[in-house]
Structures are given as structure tokens and as C-alpha cells.
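Notes follow once the structure below has been shown.
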Amino acid sequence: MKIAIIGTGFAGRTLAAGMAERGHEVVMGTRDVAQTSVRTESDRMGNIGFAPWALGQPTVRLTTFAEAAVGVDVVVNATAGHASIAALTEVGAINLAGKVLWDLANPLDFAHGFPPALFVKDTDSLAEQIQCAFPDTKVVKALNTMIGDLFVNPKIVAEGDHSVFVSGDDPDAKSVVTDLLTSVGWTDIIDLGALGSARATEMLVQIRLRMMSVLGTPIFNFKIAR
Ligand SMILES: NC(=O)c1ccc[n+]([C@@H]2O[C@H](COP(=O)([O-])OP(=O)(O)OC[C@H]3O[C@@H](n4cnc5c(N)ncnc54)[C@H](OP(=O)(O)O)[C@@H]3O)[C@@H](O)[C@H]2O)c1
């Protein structure tokens, strides 16, 4: 598959590397290619900068937001939640039309420090706002409920015996995302139903961030025990 990952932070990079490793053709989108390609500074979680990471990913191409989604099958939104609509607007409604848009962003608002608030919740979600802004795309929410380290390596926690949620209005688009999740080792993939269920998974970030403080590590996940 041809996959465009919009966003060059830890989340986008982790998914990009995992998908490239499994033989997909991966392109990443950023605001300023020249600036991002020489970025060496680590992020606030201590993850290495884009430039040293890219040295180990020769098959992943970096381009502009506007060019990234041209001719791909799946587009992933891995941008900061507050910037997602603006970034996707640069990607272009025409380039998103008819495509699966896999959204893994969270609507975090750091205006009052840590833990962040959510700038949308309860009666709406970032996923639904994206769907509303780009009605011709098929938005699927998944992977926003865990740290990026687990995205393509679920087995690093409890041998993968834990859960990932999928929300979306289009069954075929959800199947595409579910198949990609299966291909990287996910087994407990829970279809939560329509995209409105992303309100719930986006709000899970609040307990996740508090668990991170309690456990002293972000390497854990939710397991729905039946
Ligand atoms: N980090 C994780 O483990 C994790 C796990 C689950 C979900 N998420 C979610 O995934 C998303 C990405 O997280 P992240 O940690 O990888 O990095 P991030 O710092 O939240 O976002 C980085 C990306 O957002 C873009 N961006 C930031 N401000 C922008 C603006 N004003 N206009 C356009 N684009 C802008 C950046 O573009 P440039 O490339 O141009 O700099 C970059 O690609 C977030 O929504 C986060 O909540 C993250």
C-alpha cells in the first residue's frame, strides 16, 4: 500500500517505520522539508530528532503536506491536535477525497501546563471535527489511546494481550485500518462503532497521562477484560 503520514513527530515516525518495515511505500508530510530534514533536537519525551531518525529509514520519503497525499491509498493524521485541521487543509481536500484518513491525534491543550486539557470532548471530538471539515474522506480513529512505542510493537507489553479501539462511519475504511493493525501484531481490535465513539477514546488520554505519572513509564496499555 502507499501510505502518507502527515506529521513528523514520534507518533508519525513510529508508524512510518513500522509500515515501511512491512513493505508499504511510506511518504511523510511536514511543513518545511528543508527545516525538518536537519532537525536534530529531541522532543519533550526525549525521542531523537527527525534527522538522526531518518538516517535509519532510507525508504521513507519526506515531502510537503501538500504533496504527501497525492496518489496514496491511506493518509494518517499524526499532527498535534490543535494543528490537525490546518495541516490537513494544507494536504488538500482534493488529495484526501475518497481516501481512508487514519486519525491518531489527540485534542490536547497545553495552555495551562501538564496534564493538558482537551480542547474538544464529551459532545464532539477531534475526529468528528476532521470528518466535518473533510466530508469526502473516510475518517477512522485508532491508536490514539497508547504511547507510540506500542503502535507497531504491541508485544512489548504483556506479550500483546491488550486492546486497541477503532471508530469510524465507513466499514470498508475501518477494515483497511483493522487489517493494517493486524499486520503489525494487534489481536484484540475492538470496533467501537461510529466515529462519534472517538469522543470516548480521545478522553482516555486523561487517564493514560495520569497512569504514566503513577507507573513512571508510558509503556503500558488498556486491556478490556471480558
Ligand atoms: N507521541 C505519542 O506517543 C502519541 C501517541 C498517541 C497519539 N499521539 C498523538 O499523535 C499526534 C502527534 O504526536 P507527536 O508526539 O508525534 O508530535 P506532536 O509534537 O504532537 O506533533 C508533531 C507534528 O505536528 C505538526 N504541527 C505542529 N504544529 C503545527 C502547526 N501549527 N501547523 C501545522 N502542523 C503543525 C508538526 O509539523 P512539522 O512536521 O512541520 O513540524 C509535526 O509534524 C498528536 O496529536 C498526539 O496527541 C501521540
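Computation of the quantities below employed the complete heavy-atom set of this structure, encompassing side-chain atoms and omitting hydrogens, waters and symmetry-equivalent molecules. All ligand and atom numbering here is 1-based and tracks the order in the structure.
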Numbered atoms and elements of ligand 1 in range of [X], under 4.0 angstrom, heavy atoms:
X: Ile147; value: 3 (O)
X: Gly7; value: 43 (O)
X: Gly81; value: 45 (O)
X: Met146; value: 5 (C), 6 (C)
X: Ala83; value: 28 (N), 29 (C), 30 (C), 31 (N), 32 (N), 33 (C), 34 (N), 35 (C)
X: Gly148; value: 2 (C), 3 (O), 5 (C)

Starting from [atom], which protein heavy atom do you reach first, and at what distance in Å?
atom: atom 12 (C) of ligand 1; answer: Ala78 O, 3.3 Å
atom: atom 27 (C) of ligand 1; answer: Arg31 NH2, 3.7 Å
atom: atom 38 (P) of ligand 1; answer: Thr30 OG1, 3.3 Å
atom: atom 17 (O) of ligand 1; answer: Gly9 CA, 3.9 Å
atom: atom 48 (C) of ligand 1; answer: Ala11 CB, 3.6 Å
atom: atom 45 (O) of ligand 1; answer: Thr79 O, 2.8 Å
atom: atom 43 (O) of ligand 1; answer: Thr8 N, 2.7 Å

Any chance the side chains of [X] and [Y] put a donor and an acceptor closer than 3.5 Å?
X: Asn47; Y: Ser42; value: no
X: Thr36; Y: Thr8; value: no
X: Thr64; Y: Glu67; value: no
X: Arg39; Y: Gln35; value: no

Would you mind telling me if ligand 1 is within reach of the side chain of Leu104, the backbone, both or neither, using heavy atoms under 4.0 Å? both
Under-4.0 Å heavy-atom contact with ligand 1, by part of Arg39 that carries it: side chain
Lys174/Asp191 salt bridge by N-O under 4.0 Å criterion: yes
Any nitrogen or oxygen of Arg44, main chain or side chain, under 3.5 Å from a nitrogen or oxygen of ligand 1? no
Ligand 1 to Phe10 polar contact by distance, N or O atoms, under 3.5 Å: yes
Per side chain to side chain donor-acceptor pair (under 3.5 Å), Ser163 is matched among Thr145, Thr187, Asp188, Asn221 by Asp188
With rounding to the nearest 0.5 Å, note down the distance linking CH2 in Trp186 to CG in Leu150. 5.5 Å
In sequence, state the C-alpha distance, the side-chain angles, and the governing distance for Leu108 and Phe119, and then conclude on side-chain contact (heavy atoms from CB on, under 4.5 Å). CA-CA 6 Å; Leu108 305 183; Phe119 63 75; over 6 Å; no
Take every heavy atom of Phe50, measure it against each atom of ligand 1, and state whether any distance is under 4.0 Å. no
Please give the remaining members of the hydrophobic cluster of Leu55, linking ILVMFWY side chains under 4.5 Å, ordered by chain and number. none
For the pair Phe114 and Phe110, name the ring-plane relationship: parallel under 30°, tilted 30 to 60°, perpendicular over 60°. parallel
Proximal candidate to atom 46 (C) of ligand 1 [heavy atom criterion; set Ile5, Ile85, Asn106, Val76]: Asn106
Identify which of Ala80, Ala86, Pro107 has a heavy atom lying nearest to atom 18 (P) of ligand 1. Ala80
For residues 141-155, pull every pair meeting salt bridge (charged side-chain N to carboxylate O under 4.0 Å, His left out), keeping only residues two or more places apart or in separate chains. Asp103-Lys141, Lys141-Glu202
Steps toward side-chain contact (heavy atoms from CB on, under 4.5 Å) verdict (Thr201, Asn144): CA-CA 7 Å; Thr201 61; Asn144 62 307; 3.7 Å; yes
